[in-house]
Amino acid sequence: MKIPFVDLHAQYLSIKDEIDEAIAKVIAESAYIRGRQVEAFEQAWAKTLGVQRCVSCANGTDAIYIALRALGLRHGDEVITSAHSWISTSETITQAGGRVVFCDTDEDTFTIDPLDIERKITPTTVGIIPVHLYGQPADMEVIMAIAKKHNLWVIEDCAQAHLAKYHGELVGTFGNVATFSFYPGKNLGAYGDAGCVVTNDDRLADWMATFARHGGKGDHVMEGINSRMDGLQAAILNAKLPYLPAWTAARRDVAARYDALLGDVGDVITPKAVRGRDHVYHLYVVRTENRDALRKHLSEAGISTVLNYPKALPFYPAYSYLGHVPKDFPVSCFNQSRILSLPIYPEMGTEMIDYVVKCIDGFFSYEPASLYQQTETVRAN
Ligand SMILES: *Cc1c(COP(=O)(O)O)cnc(C)c1O
């Protein structure tokens with residue numbers, strides 16, 4: 001059996017007629033950039049989240065950059081974000097003129113550690129970008145309290161967390177601005193790049209819409225950038241949006257089956273869903289001391305896995321100038337050497353899940369003991 005990491009084609013086939021019709025309509029109207037479909041999606045997404053405004057843009061990375069500029073980031077301002085994320089979260093801080101300050105993460109949720117945020121705040125700190133990594137919300141109540149106490153803004157990076165909830169409230173509704181990606185593989189994905197910013201602040205929304213469209217159409221009140229959602233992507237997102245709750249439930253079902261079947265296998269630690277946080281399982285990430293050998297074993301069995309991400313951000317060459325050492329981020333470093341993302345997508349059948357579990361079980365049951373170690377590796381220091 002071959003198990004892909006995600007199967008976008010299976011999802012297309014499940015709603016083929018609607019997608020084909022949506023695409024044909026855009027072509028019939030030649031509404032390729034912005035237009036009716038884009039406006040409809042902006043309204044539908046704002047309504048889904050229960051926020052005042054949604055401003056679409058070209059991708060989830062631009063969304064963070066646009067939000068940072070809207071919040072008035074100035075040269076040298078420090079912005080605190082997670083050491084364990086995709087680089088969009090930090091590269092945009094630098095692009096907007098700020099200084100990246102990395103924080104360690106919480107061991108069980110992979111999200112930013114609020115205690116470390118407090119330690120990293122200086123007089124030049126202006127904001128925090130928590131990431132709802134893998135689909136699990138960061139600890140927003142505590143983060144918002146810290147932000148309030150120190151007069152900082154918050155941008156929620158929701159790229160992996162469409163419809164995730166924290167104490168019953170949707171992520172994207174806590175910060176001053178929240179950003180989403182609709183990259184094809186995300187929980188709500190277009191057939192190309194797309195993204196948006198959402199906010200309840202009309203003034204910020206107006207500024208972001210103007211900035212993302214060359215500083216205004218007809219009257220350039222400022223120099224902006226060109227970051228637009230195209231009509232085809234919006235039409236596809238409009239067609240897919242009604243299915244997002246069911247797809248989210250299906251992801252949770254896959255995760256629940258993995259949880260139940262992997263609970264007792266080898267030294268595998270299944271993702272911890274913390275109370276009060278509704279995980280939407282963009283990724284299903286287990287931890288094991290035997291990650292690399294297990295990954296090889298699964299690959300030989302036809303199962304694709306991914307490392308999200310191979311290293312903590314501060315240890316990529318792009319950030320060598322910060323001069324960090326592993327003990328600066330002990331939890332992120334420890335986790336990052338043990339994480340393995342297993343295949344998960346709404347269309348994944350139980351026989352596929354069971355095959356993945358069987359192969360993981362096989363690795364721990366039948367491989368020579370020398371292939372894997374049962375002792376805890378020493379934490380990075
Ligand atoms: C995907 C992703 C982004 C960026 O989204 P793009 O649409 O690919 O630019 C930002 N942050 C995180 C955490 C992501 O996973």
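First listed ligand is number 1; within each ligand, the first listed atom is number 1.
Taking atom 11 (N) of ligand 1 as the reference point, the nearest protein heavy-atom neighbour is Asp157 OD2, 2.7 Å.
At a heavy-atom cutoff of 4.0 Å, ligand 1 is contacted by both the backbone and the side chain of Thr61. With a heavy-atom cut-off of 4.0 Å, Asn59 touches ligand 1 through backbone and side chain alike.
Hydrophobic cluster membership differs between Leu232 and Leu241, with clusters built from Ile, Leu, Val, Met, Phe, Trp and Tyr side chains linked at under 4.5 angstrom.
Between His324 and Tyr319, the ring centre distance reaches or exceeds 6.0 Å.
Considering only non-hydrogen atoms, atom 2 (C) of ligand 1 lies nearest to Lys186 out of Gln160, Glu91, His84, Lys186.
Each of the following atoms of ligand 1 lies closer than 4.0 Å to a heavy atom of Ser85: 13 (C). Here is the list of ligand 1 atoms found below 4.0 Å of a heavy atom in Val131: 13 (C).
With no hydrogens or angles considered, a side-chain donor-acceptor pair links Asn308 and Ser341 at under 3.5 Å. Side-chain contact annotation: Gln52 with Thr199, donor-acceptor N/O pair under 3.5 Å absent.
At under 3.5 Å, not a single nitrogen or oxygen of Tyr183, backbone or side chain, sits near a nitrogen or oxygen of ligand 1.
Salt bridge present: Arg53 and Asp206 bring a charged side-chain N and a carboxylate O closer than 4.0 Å.
Taking the six-membered ring for Trp and thresholds of 30 and 60 degrees, Phe329 and Phe315 have ring planes more than 60 degrees apart, a perpendicular arrangement.
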